[in-house]
Amino acid sequence: MLVPALLAGRDRYERRMRACIDNLHDDALTHTVRISDDDRALDVVVVARPAPSYVIREARLTPVGGRIAPSVVSGFAGLAGVEMVGGLTRRRADAVGDGDGAALAVDAMIEVARLARQVAKMPRAEGEQAASGALACWVLDTRGWPDLPDSCFTYSAAGRALFDTRPVAAAGVPDLYSPRPGQRAVFERSKRARLERADGRLRLFHAMHDNVHGFELTLEIDLASATVVRAEHVTPRLPYMGVCSEPQRRFATLVGETADSGLRKRIQTTLGGAAGCAQLYDLTSDALKLLA
């Protein structure tokens, strides 16, 4: 029987995240994230170079509520100079250690790294091309973030081909590619994750809303068998409606899966990869982490 540690002594757990990106430097972006749950809360501010280097120039963590170990605060500051690329998760964990609030601090930096893929710093004339339509935005995406090709269906060859066969609506705007000097809240994101135990089931809910995405997903797991019995989600907003929509139906294939320690790895090929949706994979994987 599934017995998530987060539900010890309670039947409901919730985590909330709010984040934004400000353009306060000529050659860097400022990422601010607040994460809070039923036990503690913290704020992080990371000033980092945009793609392709993603180098952290400054990292600060401020405890807001609950127990946050001083070693976590000082360790987080030690991430200055690190690139937000492959291997960052291990370096984050090594830096903050295992004191109170360490796991929340690591998750906050994960959110910062994801934010770094949402705003670029192109010349303004180039960014203005986003107003030309969906395909222009897609081209700007691949220029602004070299790690995007084949990261999901939209940035695969099959995804690109759909722009020539159907109407596609893009959510991108020039400011996301070339924010104005001193511009605050260029990009804003909120998340809410919830784990509940009721009627012999575990219910997982995870929602994300920002300038270009809108996801709300629900999983229900039978407690006795650890089997996924419900997998539904809605996507009121996507970067490219008509293209990003294609891999969303994959979420329903989770019904019948066993919610064991290997499920997060198995969904890398089910929901992620060049045929899937990176955001859907991340949101589902993060929700499943609550079961550990």
Any idea which heavy atoms bring [X] and [Y] closest together, and the distance?
{"X": "Ala130", "Y": "Cys137", "answer": "O-SG, 3.4 Å"}
{"X": "Pro179", "Y": "Val186", "answer": "CB-CG2, 3.7 Å"}
{"X": "Leu195", "Y": "Pro4", "answer": "CD2-CB, 3.9 Å"}
{"X": "Leu79", "Y": "Ala59", "answer": "CB-CB, 4.5 Å"}
{"X": "Ala51", "Y": "Trp145", "answer": "CB-CD1, 3.8 Å"}
{"X": "Val96", "Y": "Val72", "answer": "O-CG2, 3.6 Å"}

When you check the gap from the basic side-chain N to the acidic O, do [X] and [Y] get nearer than 4.0 Å?
{"X": "Asp37", "Y": "Arg16", "result": "no"}
{"X": "Glu111", "Y": "Lys191", "result": "yes"}
{"X": "Lys265", "Y": "Asp260", "result": "no"}
{"X": "Arg124", "Y": "Glu126", "result": "no"}
{"X": "Arg15", "Y": "Asp38", "result": "no"}
{"X": "Arg117", "Y": "Asp147", "result": "yes"}

Check this for me: [X], atom [atom1], are more than 12 non-hydrogen atoms of other residues, nucleotides or ligands nearer than 6.0 Å?
{"X": "Arg67", "atom1": "CZ", "result": "no"}
{"X": "Arg203", "atom1": "CZ", "result": "yes"}
{"X": "Asp27", "atom1": "CG", "result": "yes"}

(message) Hydrogens and angles aside, do Ser225 and Asp222 bring a side-chain donor and acceptor to less than 3.5 Å of each other?
(response) yes

(request) Check the side chains of Gln183 and Asp175 for a donor-acceptor pair under 3.5 angstrom, ignoring hydrogens and angles. (result) yes

Rounded at 0.5 Å granularity, tell me how far [atom1] in [X] sits from [atom2] in [Y].
{"X": "Leu280", "Y": "Ile267", "atom1": "CG", "atom2": "CD1", "result": "8.0 Å"}
{"X": "Arg34", "Y": "Asp43", "atom1": "CZ", "atom2": "CG", "result": "4.0 Å"}
{"X": "Leu135", "Y": "Tyr240", "atom1": "CG", "atom2": "OH", "result": "8.5 Å"}
{"X": "Asn23", "Y": "Thr30", "atom1": "CG", "atom2": "OG1", "result": "8.0 Å"}
{"X": "Glu188", "Y": "Asp210", "atom1": "CD", "atom2": "CG", "result": "10.0 Å"}
{"X": "Leu217", "Y": "Leu204", "atom1": "CG", "atom2": "CG", "result": "8.5 Å"}

(message) Please determine whether salt bridge (charged side-chain N to carboxylate O under 4.0 Å, His left out) holds for the pair Asp107 and Lys289, giving the CA-CA distance in whole Å, both sets of side-chain angles, and the decisive distance to 0.1 Å.
(response) CA-CA 11 Å; Asp107 287 347; Lys289 282 170 63 176; 3.1 Å; yes

(message) Per the side chain to side chain donor-acceptor pair (under 3.5 Å) rule, what does the pair list look like for residues 153-162, sequence neighbours excluded?
(response)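 Residue pairs with at least one partner in residues 153-162: Asp141-Tyr155, Arg160-Asp164.
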
Are side-chain heavy atoms of [X] and [Y] found at a separation under 4.5 Å?
{"X": "Met109", "Y": "Val46", "answer": "yes"}
{"X": "Ser71", "Y": "Val73", "answer": "no"}
{"X": "Thr284", "Y": "Leu254", "answer": "yes"}
{"X": "Leu219", "Y": "Leu288", "answer": "yes"}
{"X": "Thr32", "Y": "Val45", "answer": "yes"}

(request) Could you go through the side chain to side chain contact (heavy atoms under 4.5 Å, CB included) check for Arg192 and Met208 one step at a time? (result) CA-CA 7 Å; Arg192 186 178 296 269; Met208 178 178 76; over 6 Å; no

(message) Working note: Glu216 + His209, criterion side chain to side chain contact (heavy atoms under 4.5 Å, CB included); need CA distance, chi angles, decisive distance, verdict.
(response) CA-CA 8 Å; Glu216 296 184 4; His209 295 278; 3.0 Å; yes

Side chain of [X], backbone of [Y]: donor and acceptor closer than 3.5 Å?
{"X": "Ser53", "Y": "Arg49", "result": "no"}
{"X": "Ser178", "Y": "Met122", "result": "yes"}
{"X": "Asp22", "Y": "Ala185", "result": "yes"}
{"X": "Asp199", "Y": "Arg201", "result": "no"}
{"X": "His213", "Y": "Leu238", "result": "no"}
{"X": "Arg250", "Y": "Thr270", "result": "yes"}
{"X": "Ser151", "Y": "Leu148", "result": "yes"}
{"X": "Tyr13", "Y": "Glu196", "result": "no"}

(request) Report the residue from Leu290, Val3, Leu223 that forms a side-chain contact (heavy atoms from CB on, under 4.5 Å) with Leu202. (result) Leu223

Are [X] and [Y] grouped together when hydrophobic residues (ILVMFWY) are joined by side-chain heavy atoms under 4.5 angstrom apart?
{"X": "Val229", "Y": "Leu263", "result": "no"}
{"X": "Val55", "Y": "Val112", "result": "no"}
{"X": "Leu162", "Y": "Val139", "result": "yes"}
{"X": "Phe205", "Y": "Leu2", "result": "no"}
{"X": "Ile21", "Y": "Ile110", "result": "yes"}

(message) Between Arg10 and Asp39, is the salt bridge (charged side-chain N to carboxylate O under 4.0 Å, His left out) condition met? List the steps.
(response) CA-CA 12 Å; Arg10 58 192 171 195; Asp39 303 314; 3.2 Å; yes

(request) Enumerate the residue pairs fulfilling ring-ring contact (aromatic ring centres under 6.0 Å, His included) with a member in residues 242-292, sequence neighbours excluded, ordered by first and then second residue. (result) His233-Phe251

(message) Among Arg266, Arg264, Arg230, exactly one meets salt bridge (Lys or Arg N to Asp or Glu O under 4.0 Å) together with Glu257. Which residue is that?
(response) Arg266

(message) The test is side chain to side chain contact (heavy atoms under 4.5 Å, CB included); show your working for Met17 and Val33 and say whether it passes.
(response) CA-CA 7 Å; Met17 190 278 291; Val33 172; 3.9 Å; yes

(request) Output, in order, the C-alpha distance, side-chain angles, deciding distance and verdict of side chain to side chain contact (heavy atoms under 4.5 Å, CB included) for Phe215 and Cys277. (result) CA-CA 12 Å; Phe215 282 83; Cys277 169; 3.9 Å; yes

